[in-house]
Amino acid sequence: MTIKVRYNLRDLVRYLLCMIVLFLPVAIIARTSFYSVTTPAAIWYKYKSFDFSILIVPVILIALFIVRKSDAIRFHLVILAIAIKDIIFFALGLNNGAIPFDISMYLALIAAWAITVLAMKRNKEPVSAPGERFFDWYFWLAFCSMLLRLALGMTTDGRYGAIGLSVGGTGFLAAIYFIYLLYVHKYNRFMPLALIVSFATLVLSGQRTNLFFCVLFCIPYVLKKMVSKSNGNRKKTMVLWGLAFFGIIVICAVIVLSEAGIKIAGMEYITRMIDAVTKLFNGNLNEEMSVEGRFQSIEAGLDILRERPFGITNVFYDLQHRMTLRNYPTFPHSGLLDCTLLWSTPIMLFCEIWLIKLMAGLAKKKSGMFWIVMYIQLIMIIWGGPFLEYPMLFIILLLLSMAKLITKREKYRLQTIIT
């Protein structure tokens, strides 16, 4: 996909504002917070506290003024529907009386929507997609911030994440950017470096689920492009084979050293992946604690859904409280299930139908963005959680907005001819 994007000073200022709020360190968010919520006393496991920085407010206000000039998907209508649902729940006495209501999840949704509106504001050309360049910038800045944390030794159990994102969110960003480079991004001389960097970022994050699906999504590309005569496609395929070969060498080396009783400090992000793969091939994947915990969390979440088929209030602590009553301390490890519970079944059903229609439109146009939307669909079924921070949701909204724009491109071309 090749789209020419022109930038002026106002575009750059908007992008700078978006990047600032996306990369706000936790300490700055806490110091500039005007809304804070801590775990209620009714919940024994203190998993998450919420702070919302006043620095995000200007982005939200700008988004309200330019929303009609943006190609961002209309996610604000989903937020409004969730709010109406909660009002109805309160009127019918269906809220959780043991947990105080708070708007933390709403603020996260609004922030993600607002940043997407700014990133997807139309340029002078109706056919432009400014989100593409923004996505490139965001990944590379996230990678640089991860390198900074790596240099400072700031890890999460030996895993590395970008500023503003968890290690899981960093792995998701790296995996989907890698797939985006394969299926969507125009080939250029920096493509081999970008593929290597995105894959290295994924490995450093230690995110095994996203690594597995990323490799899985490479297979259709390799099968199709190996017979292609395009020079760019051949070079991409060569990079993929090179990464696979290098990965096999590293894995074999770590296994040999481990068998010899030698452990390499700082390589936890690799050893945890190797452990999971070893158990998978040995048929002992059920012994992996993260897999066992994932199944337990989803089972508890499905039990809540059976009890409350129309969901609960859009409050994280409401979800956590109901999970603790079922002997699990946090949330279901499935983004789809979490959103179904927090947003309600009818709203999520609407979102899923919209996504399926979007995929059908992309398939009709034979767009590589089809694979991006499919990746989002599949990964959120078996991985993820509630959107506790807005950068993770922003990535999804940005990509869905870019995908939706592709299905409307002929309409924009027609408007250009007419005007």
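Along the sequence shown, residues carry numbers from 1.
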- Task: Please determine, by modelled atom types, if Asp338 and His333 share a side-chain donor-acceptor pair under 3.5 angstrom.
- Result: no

- Message: Salt bridge or not between Glu389 and Lys48? Use side-chain N to carboxylate O under 4.0 Å.
- Response: yes

- Taking atom types as modelled and ignoring hydrogens, do the side chains of Ser53 and Thr32 form a donor-acceptor contact shorter than 3.5 angstrom? yes

- Query: About how many Å separate OG1 of Thr116 and NZ of Lys121, when rounded to the nearest 0.5 Å?
  - Reply: 15.5 Å

- Item | Output field: ring centroids Tyr183/Trp371 closer than 6.0 Å | yes

- Query: Ring centroid separation for Phe217 and Tyr180, is it under 6.0 angstrom?
  - Reply: no

- Message: Please give me the minimum heavy-atom distance between Leu342 and Lys85, naming the atom from each residue.
- Response: O-NZ, 2.7 Å

- Item | Positive for side-chain contact (heavy atoms from CB on, under 4.5 Å) with Leu55, one of Leu17, Ile29, Ile28 | Ile28

- Item | Check ion pair Arg14-Asp11 (N to O, under 4.0 angstrom) | yes

- Item | From Tyr390 atom OH to Leu165 atom CG, the distance as rounded to the nearest 0.5 Å | 10.0 Å

- What closest approach, in Å, do Ala114 and Ile60 show between heavy atoms, and which atom pair accounts for it? CB-CA, 3.7 Å

- Message: Quick one about Asn314 and Asp86 (side-chain donor to acceptor, distance below 3.5 Å, no hydrogens or angles considered), yes or no?
- Response: no

- Item | Cation over ring face, Arg308 and Phe89, 6.0 Å, 45° | yes

- Query: What is the distance from atom CG of Leu355 to atom CE of Met380, rounded to the nearest 0.5 Å?
  - Reply: 11.0 Å

- Query: Is the charged tip of Lys366 near the ring of Phe370: under 6.0 Å from the six-membered ring centre and within 45° of its axis?
  - Reply: no

- Item | Side-chain H-bond candidate by donor/acceptor type, Ser33 with Ser36, under 3.5 Å | yes

- Gap between atom CD1 of Ile356 and atom SG of Cys351 - 0.5 Å precision: 11.5 Å

- Might you confirm whether atom CZ of Phe190 has over 12 heavy atoms from other residues, nucleotides or ligands at distances under 6.0 Å? no

- Query: Nearest 0.5 Å, what's the CG-NZ distance between Asp71 and Lys404?
  - Reply: 11.5 Å

- Query: Once the angle between the rings of Tyr138 and Phe23 is folded into 0 to 90°, is it parallel (under 30°), tilted (30 to 60°) or perpendicular (over 60°)?
  - Reply: tilted

- Query: Going from CZ on Phe316 to CE on Met105, what distance comes out if it is rounded to the nearest 0.5 angstrom?
  - Reply: 7.5 Å

- Item | Enclosure of Glu299 CD (heavy-atom neighbours >12, cutoff 6.0 Å) | no

- Note on the structure: Across all chains, not counting sequence neighbours, the side chain to side chain contact (heavy atoms under 4.5 Å, CB included) partners of Val167 are Thr156, Arg159

- Item | Lys46 atom NZ, neighbour heavy-atom count above 12 within 6.0 Å | yes

- Message: Any salt bridge linking Glu307 with Arg326? Criterion: basic side-chain nitrogen under 4.0 Å from a carboxylate oxygen.
- Response: yes

- Query: Does CZ belonging to Arg149 count more than 12 external heavy atoms closer than 6.0 Å?
  - Reply: yes

- Task: Flag yes if more than 12 heavy atoms outside Tyr106 fall under 6.0 Å of its OH atom; otherwise flag no.
- Result: yes

- Where do Phe331 and Tyr47 land on the ring pair (Phe, Tyr, Trp, His ring centres under 6.0 Å) test, with the steps shown first? CA-CA 10 Å; Phe331 52 83; Tyr47 175 76; 5.7 Å; yes

